[in-house]
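For reference, the structure is listed below as structure tokens.
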Amino acid sequence: MTTSIIEGRTKCRICGEVLVPDPDRPITAVGGSFKNPRDPLTEIQGVVHSDCLRKHPLFERVRRLGEQVTRYRESWQAGTVRCPVCREVVRRPPPGLFTTGVVTSDPASPLWDLNHVAVHIACFERWERAPA
């Protein structure tokens, strides 16, 4: 997620204060390609003060999801992402590919393991998790 800040206008998605460059109060972004608009992280998705995020009740979800996204990106870079049906390595670009993005930010959800899955379109109907 690419996020830009318009100085004097962009507000923290948590506290609502205008974000200004300040080395004593760093900013960060809560990103993700959320497929579920009711996921609670969509409310704070965007640019936030780092201290606001650390204090937020959903911080642990953000942290865990960030770790999962990092592992997924590293897998793409290493060329080790595999289709869960045929087990062949999935190649980029994704024409002929179904990808899930972020289905849930809740690590306790049964849908957590569906985050960042890449399935060949030709394999999709045989994928046991397709109905989910």
Side-chain angles (χ1 to χ4, degrees):
M1 172 180 176
T2 303
T3 305
S4 58
I5 298 172
I6 301 171
E7 198 166 337
R9 297 193 66 187
T10 304
K11 295 180 180 180
C12 173
R13 297 278 299 179
I14 297 173
C15 73
E17 291 179 19
V18 173
L19 297 164
V20 293
D22 180 351
D24 294 327
R25 193 160 189 210
I27 56 176
T28 189
V30 176
S33 54
F34 295 100
K35 302 295 184 192
N36 178 359
R38 291 186 286 184
D39 190 288
L41 288 190
T42 59
E43 292 180 23
I44 62 170
Q45 183 178 11
V47 186
V48 298
H49 293 109
S50 296
D51 60 326
C52 290
L53 182 58
R54 280 190 303 277
K55 295 174 194 170
H56 196 278
L58 295 175
F59 174 71
E60 186 59 24
R61 276 193 187 197
V62 172
R63 189 190 67 71
R64 296 271 310 268
L65 186 60
E67 289 173 352
Q68 187 185 52
V69 168
T70 298
R71 284 191 304 273
Y72 180 70
R73 287 182 179 154
E74 289 171 353
S75 295
W76 269 113
Q77 291 173 349
T80 59
V81 174
R82 294 187 177 274
C83 173
V85 179
C86 69
R87 304 303 304 157
E88 289 183 24
V89 172
V90 175
R91 306 267 183 230
R92 279 193 168 172
L97 192 61
F98 171 82
T99 58
T100 60
V102 177
V103 178
T104 182
S105 66
D106 182 1
S109 168
L111 299 177
W112 175 259
D113 64 338
L114 291 178
N115 286 344
H116 308 293
V117 175
V119 182
H120 295 116
I121 294 296
C123 296
F124 188 81
E125 289 183 14
R126 298 184 323 230
W127 184 32
E128 64 196 33
R129 298 297 309 268

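Just the heavy atoms: all of them, side chains too, but no hydrogens, waters or symmetry mates, feed the values below.
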ask   = Is Val85 reachable from Phe124 through a run of I, L, V, M, F, W or Y residues, each pair having side-chain heavy atoms under 4.5 Å apart?
value = yes
ask   = Side chain of Arg82, backbone of Glu88: donor and acceptor closer than 3.5 Å?
value = no
task = Any chance you could measure Arg13, atom CZ, to His49, atom NE2, to the nearest 0.5 Å?
result = 14.0 Å
key: Closest non-hydrogen atom pair between Gly16 and Lys11, with its separation   = O-CD, 3.3 Å
inquiry  = Would you compute the distance between atom CZ of Arg71 and atom CD of Glu74 and round it to the nearest 0.5 angstrom?
reply    = 9.0 Å
query = When rounded to the nearest 0.5 angstrom, what is the spacing between SG in Cys83 and CZ in Arg126?
reply = 7.5 Å
request  = Check whether Phe59 and Val48 end up in the same hydrophobic cluster, where Ile, Leu, Val, Met, Phe, Trp and Tyr are linked by side-chain heavy atoms less than 4.5 Å apart.
outcome  = yes
Under 3.5 Å donor-acceptor pairs involving side-chain atoms of residues 108-123, not counting sequence neighbours:
unit_1	atom_1	unit_2	atom_2	d
Ser109	OG	Leu111	N	3.0
Asp113	OD1	Arg129	NH1	3.0
Asp113	OD2	Arg129	NH1	2.9
Asn115	OD1	Val103	N	2.6
Asn115	OD1	Thr104	N	3.0
Asn115	ND2	Gln68	OE1	2.9
Asn115	ND2	Thr104	O	2.7

remark   = When rounded to the nearest 0.5 Å, the distance separating OG of Ser105 from CG of Leu41 is 3.5 Å
message = So, taking the atom named OH in Tyr72 and the one named OG1 in Thr80, what distance separates them when rounded to the nearest 0.5 Å?
response = 10.5 Å
request  = Check the pair Val89, Val81 against side-chain contact (heavy atoms from CB on, under 4.5 Å), reporting the backbone distance first and the verdict last.
outcome  = CA-CA 6 Å; Val89 172; Val81 174; over 6 Å; no
ask   = So does Arg63 pair up with Glu60, basic N to acidic O under 4.0 Å?
value = yes
NZ/NE/NH1/NH2 to OD/OE distance under 4.0 Å, Arg25 and Glu17 = yes
request  = Indicate yes or no: at least one non-hydrogen side-chain atom of Ile44 is less than 4.5 angstrom from one of Leu53.
outcome  = yes
query = Out of curiosity, Asp51 CG to Thr28 OG1, how far, rounded to the nearest 0.5 Å?
reply = 11.5 Å
message = My understanding is that only residues two or more places apart in sequence, or in another chain, count here; which of them pass side chain to side chain contact (heavy atoms under 4.5 Å, CB included) with Glu43?
response = none
task = Kindly say whether Pro37 contributes a backbone atom to a donor-acceptor pair with the side chain of Thr42 at under 3.5 angstrom?
result = yes
